[in-house]
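Structure, as structure tokens:
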Amino acid sequence: MTEDPISDLEDALRAFAGGDVERWLDACTDDVEFAFPFAPAGRPRLLRGRTEVGGYLRSVLAAASARTVRSLTVLRTDDPDVVVIELTVRARHPDPAGSSVVRETSSIAVVGLREGRVSSYRDYWNPQGGRIVTEADA
């Protein structure tokens with residue numbers, strides 16, 4: 001970690017999108033909490049601790065491939081321990097026909113920091129799976 005928690009957070013998010021769960025978890029406190037207020041039935045709404053969060057994030061990575069961060073903005077707030085993240089990730093997902101589809105999923109997250117590490121992450125993502133990307137979008 002550096003002395004710039006925003007830069008560290010951006011690096012950790014990009015690493016996670018590229019498949020590096022451990023780099024993302026290193027940016028989190030041991031007691032980190034991830035909340036998903038819009039999670040549909042059958043998906044977790046709250047995860048506690050690096051072990052639980054890590055298990056969930058590994059399953060997220062296994063569900064798609066060829067991830068790229070399309071946009072990432074970290075916005076500071078009046079509280080130095082709270083930032084807002086705007087993130088769009090493009091990834092290839094298997095479809096029921098046995099092929100695959102490329103989707104872009106955008107989210108906004110409110111992130112709490114403690115001593116430069118992520119202590120809470122409230123992810124306001126699109127639970128419908130994001131927008132299907134066509135060749136015209138590429």
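This chain uses plain numbering: 1 for the first residue, then up along the sequence. Every value quoted in this text rests on a predicted model; they were computed, and no experiment measured them.
Within 6.0 Å of the CZ atom in R45, the count of heavy atoms belonging to other residues, nucleotides or ligands exceeds 12.
Within the 4.5 Å cutoff, the side chain of I108 has no heavy atoms near those of the I85 side chain. L61 has its side chain within reach of V21: a pair of non-hydrogen atoms, C-beta onward, lies under 4.5 Å apart. With a 4.5 Å cut-off on side-chain heavy atoms, T29 and V118 do not count as touching. Side-chain contact between L13 and V69: absent, with no pair of heavy atoms (C-beta onward) separated by less than 4.5 Å. At a threshold of 4.5 Å between non-hydrogen side-chain atoms, the residues R76 and V82 do not count as touching. With a 4.5 Å cut-off on side-chain heavy atoms, T88 and T105 do not count as touching. Side-chain atoms of L75 and E86, non-hydrogen and from C-beta on, do get closer than 4.5 Å to each other. Side-chain contact between V89 and R70 is absent, with no heavy-atom pair separated by less than 4.5 Å.
Ring-centre distance between Y124 and F38: below the 6.0 Å cut-off.
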Handout entry: Worked check of side-chain contact (heavy atoms from CB on, under 4.5 Å) between V83 and L113
Key = CA-CA 8 Å; V83 297; L113 302 171; 4.3 Å; yes
Problem - From CA spacing to verdict: side-chain contact (heavy atoms from CB on, under 4.5 Å), R122, V84 - result: CA-CA 10 Å; R122 281 192 321 266; V84 175; over 6 Å; no
Exercise for the section: For the pair W24 and L9, evaluate side-chain contact (heavy atoms from CB on, under 4.5 Å) and give the outcome as yes or no after the intermediate values. Expected result: CA-CA 8 Å; W24 176 236; L9 183 59; 3.5 Å; yes
Practice task
May I have the step-by-step check of ring pair (Phe, Tyr, Trp, His ring centres under 6.0 Å) for F36 and Y121, ending in yes or no?
Solution key: CA-CA 9 Å; F36 305 95; Y121 193 97; 7.7 Å; no
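Shown here for A27 and A12, the closest heavy-atom pair between the two residues is CB-CB, 3.7 Å.
Between the side chain of S59 and the backbone N or O of Y56, at least one donor-acceptor pair lies under 3.5 Å. Remark: the backbone N or O of V32 is not paired with any side-chain donor or acceptor of S119 at under 3.5 angstrom.
Using a 4.0 Å cut-off between charged nitrogen and carboxylate oxygen, D30 and R117 do not count as a salt-bridge pair. Using a cutoff of 4.0 Å between basic side-chain nitrogens and carboxylate oxygens, E22 and R58 are scored as salt-bridged.
Note that the SG atom of C28 and the CZ atom of R114 stand 11.0 Å from one another [nearest 0.5 Å]. Rounding to the nearest 0.5 angstrom, the gap separating the CG atom in L72 from the CZ atom in R14 is 5.0 Å. Taking CZ of R92 as the start and OG of S100 as the end, the distance is 4.0 Å to the nearest 0.5 Å. Here R90 contributes atom CZ and S106 contributes atom OG; the two are 10.5 Å apart, rounded to the nearest 0.5 Å.
Side-chain heavy atoms closer than 4.5 Å link hydrophobic residues (I, L, V, M, F, W, Y) into clusters, and following such links, even through other members, never connects L46 to L25.
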